[in-house]
Amino acid sequence: MRNVIAVYVENKYGVLTRVSGLFMRKGFNIDSLTVGETDDPSFSRITITLNGDDYAREQLINQLKKLHNVKQVKLLEQGSSVERELLLVKIRNTPENRNEIMAATEIYRAKIIDYTTSSLCVEVTGEPSKINAFIEVVKPLGIVEMCRTGVVALERGDSILKK
Amino acid sequence: MQTSKSERMTGSQIVIETLIEQGVTDVFGYPGGQVLNIYDELYKASDRINHILTAHEQGASHAADGYSRVTGKVGVVIATSGPGATNLVTGIATAMLDSIPMVAITGNVPTTLIGKDSFQEINITGVTLPITKHNYFVTDVNELADTIREAFQIAKSGRPGPVLIDIPKDVQVAECEFIRGGVIEPYEQSEAEDCDIDRAVEIINNAKRPYIYIGGGAAGRGMTKDIIALAEKIDGYIGCSFMGLSALPNSYDRFLGMQGMHGHYASSMANKEADLIIGVGVRFSDRATGNTAKYAKNAKIIQLDTDLSEINKNVKVSVGLIGNIVSSFTRILERCEKQSHPEWRGIVENFKEEGKRINDIAEQQAGAAMTPKKIFDVINEVKDENTVIATDVGQHQMWAAQYVDFEKPRRFASSGGLGTMGYGLGAAIGAQIASGDKTVLITGDGSFGMNLNELATAVTYNTPVIIVIMNNGVLGMVRQWQTLFFGKRYSNTVLGRKTDFIKLADAFGAKAERVDTIEAFKAAFENAMKHDGPYVIDTLIDMDEFVLPMLPPGGSIEDIITAKEQEAKP
């Protein structure tokens, strides 16, 4: 089962190492991890996606709560939160596939952000499922290189994570 | 916090003043290039804080750990950068696995040289990340005092553990204003939910065969009286994990002793037959439960722990009471009903008799030979209630766990979770200095060989530590496994060393004698108890002695081995 966990941490020396070290130590298999500063620069927010059962999820949350720099941990329920991911993908640019790339970009509401005669680079944002679908579409056209950020997520409505 | 005026100080002065402020009276350590400034301040403050110089940083870390185990105070160790810091690693890990509060202070190269592979530079915060509760790399002298205070707070709060503070040389030299504070209090512990207490009480009231399982989280927390009161009230029995030893006096008749791999027959059997297990400050470790898939199949489990990640970690529980163990336990004790379970008493008393019968057979077979049990009979007879027992790791440790008559808490120092051979001598020295009481180190020739250099420390400080080397010339515990599970192929466990421990002790300046009969052991032990200073008793025992009973690794109570001749199930 896919779990999205939001973690509010102090923005201090080594905090990302502490969090990622925990995964290795306890044998958790993490799908993605994103981190960035919040509106208050003394805190960062980490979003973790974990594929695992109830036991793995409970252990991960409880172990995270034990870390001194971790201030808040919350499981984000699928229905009541919004998730986004960003994909940058460089695709071979040939006369044969150009139209198809343009069409996919249009339909997926993606953006071409770099263009040369040999390759073009597309930016896509959306839920991971949309990103996956876009990748499937352009794969046969010749992906040169790609990079995805992993999921960031916020709860819908008024509930917030920070203390 | 008491207020006083601000004073201008260097980082190293702040280190010493903050340690004193936190109530530290003794620190263990070893000087070196990047802690020269701290040692200079220790020199100046030697009338206010006592430094014990060990032979090796590892010994210092174990001494700080032993110091903490007998006092409950935070043990403090200081080491220099690089190898000084890495030598602490085993001691810090030992403290981590057994939840012992410790603050380790290391020096490091100046911040300008960090990351340049400078002489004796090591990223010790990186190295110790997985084996500390938290650690710090201090880059600003203005944050130093509060960092040390927070380190003490973290070390002793909730489930205790080690915290490391790495201080680069230039931060030790830099100056800032220092305002003296008071001893920092631990973080407030959460309390278990009332409805969960009620659920636990309901389960207890409906149980017919209750068993209370005590661990390190309960030992030394002043719970002895309450634990006994609950056992009486619900007509149950008590057992413990290795770390729970000394929480209850062995003389108490409802106390069945240690359970698990080398536990007492009665406590392991009671686990199997119980319909309720109340785990108090235990983590249901593999050594205490055997195969968790087969563990306590008939029982509901209630678990009390301050660490929420322990609930449901190793076994699935019916009720988890997260938070202050002491108050959760008291609330249960107050609310549960008085019960009577004569059938359960009958069952457990039979287990006790069977356990005794198994032991007696082994002793009869041994005849006049100096068995481990006879050695501990002598120690129990001669020691008093304040005598501290420390051990190393191996067969001797399990014999100590089985046979020592513990009379009160915090009189036992032994590496449970990490199982650190070489732990004992440093820990015994730390425990003796902390308690001021006679300390008996039970060790083996293998374990003793690992850190016997600390004999120099014991002699220098004339520490009254009695070192009983249960000398069988082999690595007995590993050899026992080779006998049982590896077709008696004794790979590298027969030491065949020519070390003469008497001459060795003599060279260090310690008294020593060698004994090979139980009468001689008794005489030597009595001499040692009267002697003011370290005393080595080289005690020759048979290499084929086993620690029994034994639950094979990954096995369960059905696979119990109770006699040497018994074939282990594959």
(message) Would you say that more than 12 heavy atoms from the other residues, nucleotides or ligands in this model lie under 6.0 Å from the CZ of R98(A), or not?
(response) yes
(message) Quick check on R18(A) against chain B: is it the side chain, the backbone, both or neither that has a heavy atom closer than 4.5 Å?
(response) both
(message) Between Q59(A) and N312(B), does the side chain to side chain contact (heavy atoms under 4.5 Å, CB included) criterion hold? Intermediate values first, please.
(response) CA-CA 9 Å; Q59(A) 271 294 309; N312(B) 289 330; 6.0 Å; no
(message) If you count heavy-atom pairs within less than 4.5 Å of chain B, which of N69(A), I61(A), L22(A) leads?
(response) N69(A)
(message) Can you tell me how far apart CZ (R25(A)) and CG (L129(B)) are? Round to the nearest 0.5 Å.
(response) 6.5 Å
(request) Sort T125(B) into side chain, backbone, both or neither according to what part of it lies under 4.5 angstrom from a heavy atom of chain A. (result) side chain
(message) Tell me whether the count of non-hydrogen atoms from other residues, nucleotides or ligands lying under 6.0 Å of NZ in K66(A) goes above 12.
(response) yes
(message) To the nearest 0.5 Å, what is the distance between NZ on K12(A) and OH on Y136(B)?
(response) 7.0 Å
(request) Pick one of side chain, backbone, both or neither for N135(B), based on which atoms fall under 4.5 Å of a heavy atom in chain A. (result) both
(request) Taking the side chain as every heavy atom from C-beta outward, state whether K133(B) and H68(A) have any pair of such atoms under 4.5 Å apart. (result) no
(request) Output the distance between atom CG (N62(A)) and atom CD (E310(B)), rounded to the nearest 0.5 Å. (result) 10.0 Å
(message) Below 4.5 Å, heavy-atom pairs only: which of K316(B), E150(B), R159(B) has the largest tally toward chain A?
(response) E150(B)
(request) Can you establish whether the number of heavy atoms outside E100(A) located under 6.0 Å from its atom CD is more than 12? (result) no
(message) Is L308(B) close to chain A through its backbone or its side chain, or both, or neither, when contacts mean heavy atoms under 4.5 Å?
(response) both
(request) Using non-hydrogen atoms and a 4.5 Å limit, figure out which bit of K65(A) sits close to chain B: side chain, backbone, both or neither. (result) side chain
